[in-house]
*Asks:* 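Have a look at the structure that comes next, please.
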Amino acid sequence: RKEVEQDPGPFNVPEGATVAFNCTYSNSASQSFFWYRQDCRKEPKLLMSVYSSGNEDGRFTAQLNRASQYISLLIRDSKLSDSATYLCVVNRRSSNTGKLIFGQGTTLQVKP
Amino acid sequence: EPEVTQTPSHQVTQMGQEVILRCVPISNHLYFYWYRQILGQKVEFLVSFYNNEISEKSEIFDDQFSVERPDGSNFTLKIRSTKLEDSAMYFCASSGGRLAGGTGELFFGEGSRLTVL
């Protein structure tokens, strides 16, 4: 079983749509959680951290359910520039080792 | 904005040759990492480096791989005898650790694409 699982998509949505991505992780000892964005053939960039209480950053909302080992990302009012691959990322430890475990990513295509 | 820089952006090499990939992490960061991404696959952890030594490495990071911080700014990944399956994008990353408030707040370089023929 993969340690971090995501639906690879692609998700094809029109501009202005709301889209949600889900992710599950298998290691219950995982300590910290993130969404990264990766554009084609570019480096991953941190989109947002994910907290148990849920957190929002503009059009983006992230949720964490530790009991179900489930992480979600909601994007409202999609823009063309949101087209990218969204990576669910987990850190096994609370220390700053930075050993991140990446999911395979979910591809989003926003169409005009 | 400070950034992680990597060279070369693309290197083509013959199987069995040695390759050195170079990285300049963000200057006040304390933790350094190499990750790789084979085309079409997920990003995979290779190694983390702190206080001039390896703090953790994955099973991918075998005896063919080594890392070094030869001076105060560069962080290098050496592959001693490249194999076809080493073809991938290699990302360097750095983090400030607690100073950046950051478990997992890694900043990645743009990557070095390695093609082994």
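None of the values given here were measured: they were computed from a predicted structure.
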*Asks:* Using the test side-chain contact (heavy atoms from CB on, under 4.5 Å), find all partners of B/Thr7 that sit at least two apart in sequence or belong to another chain.
*Replies:* B/Arg22
*Asks:* If you measure only the distance, is there a donor-acceptor pair under 3.5 Å linking the side chains of A/Gln38 and B/Gln37?
*Replies:* yes
*Asks:* Please flag which part of B/Phe91 lies under 4.5 Å from any non-hydrogen atom of chain A: side chain, backbone, both or neither.
*Replies:* side chain
*Asks:* Going by distance alone, is a donor N or O of one side chain under 3.5 Å from an acceptor N or O of the other, for B/Thr115 and B/Ser87?
*Replies:* no
*Asks:* Quick check on B/Glu44 against chain A: is it the side chain, the backbone, both or neither that has a heavy atom closer than 4.5 Å?
*Replies:* neither
*Asks:* Which bit of B/Leu46 comes within less than 4.5 Å of chain A, counting heavy atoms only: side chain, backbone, both or neither?
*Replies:* neither
*Asks:* Check A/Asp82, A/Thr18, A/Asp77 against A/Arg59 for a side chain to side chain donor-acceptor pair (under 3.5 Å) and give me the one that passes.
*Replies:* A/Asp82
